[in-house]
Amino acid sequence: MIELALVIPTFNERDNIEELLGRLTTVLSGIAWEAIFVDDDSTDGTAALIRSLNGRYPHVRALQRIGRRGLSSACIEGMLATSAPYMAVMDADLQHDESILPVMLNTIKAEELDLVVGSRHVGTGSVGDFAAHRQALSRLGKNVGRRIYKCDIQDPMSGFFMVRRTFFEKTAHRLSGISFKILVDLLASAPEPVRFREIPYRFRSRIHGESKLDTTNLIEYLFLLADKTVGAWVPVRFIMFSISGLSGVVIFLALFWALYARWQVTFELAEGASTAVAICTNFLVNNWVTYRDRRLKGARLIRGFLWFCLACSIGAWGSFSIASFGFQKGLPWQVAGLTGLIITSVWNYGVTAAFTWRAVGRR
């Protein structure tokens with residue numbers, strides 16, 4: 001019977017897989033374990049390599065996801081795919097110290113804990129050669145995140161931890177699956193106080209491949225915090241979609257003023273050009289940020305853009321009709337206009353989610 005499952009999210013980590021499996025085999029000798037690599041359709045053949053190693057490592061499997069991405073959601077799917085009573089989440093890039101896994105397992109069992117976290121900020125733990133900007137980002141994430149989880153943990157941004165299955169099952173339906181910080185999601189989603197302990201380790205430097213951290217990771221993390229704060233009432237994607245729409249309005253007004261009032265372009269041309277630029281900007285922002293995990297590329301980007309334009313055109317007509325009807329019935333023009341805008345925003349969000357970043361993105 002498998003006692004410990006290692007859930008390892010991957011994207012373009014082919015060069016690290018065999019080295020990682022060799023290290024795990026050594027340190028986990030005497031423990032019944034399995035490794036589930038959750039691969040977000042890597043372009044370097046990571047999933048194919050893992051499957052080819054099944055003869056040497058029969059307890060290793062690849063769960064390949066197509067049409068969706070995201071570290072947290074990958075970890076959740078991996079944990080749901082095993083029946084092991086204990087599950088560890090770690091990266092495939094060899095930066096997490098696999099040698100402390102037996103200590104983590106013994107600790108979570110002996111002390112009947114919910115979580116054991118590999119920590120860079122307690123005892124002999126260290127961030128190693130972590131870049132200064134990444135250290136600053138980690139500190140910022142910790143300070144902001146304290147508002148949504150109710151425990152005194154020193155390294156909530158750790159991506160290396162072990163969880164008891166019974167705790168995960170009680171928490172799973174509350175998880176947001178947003179962002180790359182699944183540990184913060186677990187801590188904030190727990191229905192009762194979390195029993196945890198932190199085990200120190202030194203964070204190692206990456207040898208192969210490239211870091212997946214970019215500026216949108218911070219935005220995703222803010223998404224997670226927002227979802228834990230207001231997500232029960234308003235979907236966070238809808239909030240971001242609406243913010244993108246407001247940015248489009250600002251761009252439209254600024255460009256329209258520049259073309260019509262400053263450069264004396266005809267009203268019709270200024271209106272059309274400003275509208276086109278605003279629509280393109282909204283689409284690109286939503287594709288890059290709001291729907292980062294379903295981001296469209298290539299031919300799908302073009303099809304998605306056409307769907308987006310169609311949905312927004314229908315929404316604009318609907319907004320005009322609703323606002324006009326309300327105004328004719330005696331509503332103040334501000335209320336009539338806002339009503340049309342809100343209804344249109346809901347329409348645009350629902351339709352583009354279903355047809356632009358879902359149906360198109362998964363074909």
Side-chain angles (χ1 to χ4, degrees), residues 68-70 72-73 144 147-148 175-180 185 188 214-257 271 274-296 301 304-327 331-361:
R68 61 193 190 279
R69 291 180 62 179
S72 289
S73 60
V144 175
R147 298 180 180 275
I148 66 168
L175 294 172
S176 298
I178 302 172
S179 175
F180 64 118
D185 200 356
D214 56 32
T215 53
T216 55
N217 290 133
L218 176 59
I219 297 175
E220 285 186 346
Y221 183 65
L222 295 177
F223 271 26
L224 172 62
L225 301 183
D227 187 68
K228 291 305 174 189
T229 305
V230 301
W233 301 281
V234 183
V236 175
R237 280 197 202 270
F238 176 70
I239 295 175
M240 188 60 208
F241 189 88
S242 300
I243 293 174
S244 173
L246 290 175
S247 69
V249 171
V250 173
I251 290 172
F252 169 84
L253 293 174
L255 185 57
F256 183 80
W257 174 84
E271 170 80 13
S274 301
T275 300
V277 171
I279 290 176
C280 290
T281 301
N282 281 352
F283 174 76
L284 293 174
V285 170
N286 282 310
N287 190 55
W288 189 256
V289 180
T290 309
Y291 292 99
R292 182 179 185 274
D293 56 332
R294 308 178 196 173
R295 188 178 298 165
L296 305 175
L301 181 69
F305 177 67
L306 294 176
W307 272 111
F308 183 82
C309 290
L310 177 61
C312 291
S313 297
I314 296 174
W317 175 81
S319 177
F320 174 78
S321 300
I322 293 168
S324 297
F325 178 79
F327 184 69
L331 288 177
W333 66 268
Q334 301 94 330
V335 176
L338 183 60
T339 301
L341 181 62
I342 292 174
I343 294 176
T344 299
S345 297
V346 174
W347 160 268
N348 288 345
Y349 171 72
V351 173
T352 55
F355 294 100
T356 301
W357 284 283
R358 185 174 181 181
V360 175

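For this chain, numbers begin at 1 and follow the sequence in order.
Looking at residues two or more places apart in sequence or on another chain, you find a side chain to side chain contact (heavy atoms under 4.5 Å, CB included) between I243 and I239. Contacts of F238 classified as side chain to side chain contact (heavy atoms under 4.5 Å, CB included), with partners at least two apart in sequence or in another chain: V234, P235, S242, S345, V346, Y349. Listed by chain and residue number, nothing satisfies the side chain to side chain donor-acceptor pair (under 3.5 Å) test with T352 (two or more places apart in sequence, or in another chain). Annotation: side chain to side chain contact (heavy atoms under 4.5 Å, CB included) contacts of S176 (sequence neighbours excluded): I178, D185, L224, D227, K228. F283 pairs by the ring pair (Phe, Tyr, Trp, His ring centres under 6.0 Å) definition with F305, F308, W357, not counting sequence neighbours.
Residues T275 and F252 meet the side-chain proximity criterion, which asks for heavy atoms closer than 4.5 Å. A 4.5 Å side-chain heavy-atom check between V277 and T281 finds at least one atom pair inside the cut-off. Taking the side chain as every heavy atom from C-beta outward, L310 and V351 never approach each other to under 4.5 Å.
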Legend entry - Step-by-step side-chain contact (heavy atoms from CB on, under 4.5 Å) determination, L296 to T356: CA-CA 9 Å; L296 305 175; T356 301; 4.2 Å; yes
Legend entry - V250/L246 under side-chain contact (heavy atoms from CB on, under 4.5 Å): CA gap, chis, key distance, verdict: CA-CA 6 Å; V250 173; L246 290 175; 5.7 Å; no
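The nearest pair of heavy atoms linking A278 to G248 is CB-O, 3.5 Å. Across every non-hydrogen atom of N286 and S244, the tightest pair is ND2-OG, 3.4 Å.
In this structure, the side chain of S313 engages the main chain of C309 through a donor-acceptor pair within 3.5 Å.
Sorted by first and then second residue, the side-chain hydrogen bond (donor to acceptor under 3.5 Å, both in side chains) pairs involving residues 247-257 (not counting sequence neighbours) form an empty list.
Remark: R295 CZ to T290 OG1 distance equals 11.0 Å, nearest 0.5 Å. Taken to the nearest 0.5 Å, the CH2 atom of W347 stands 10.5 Å off from the SG atom of C312.
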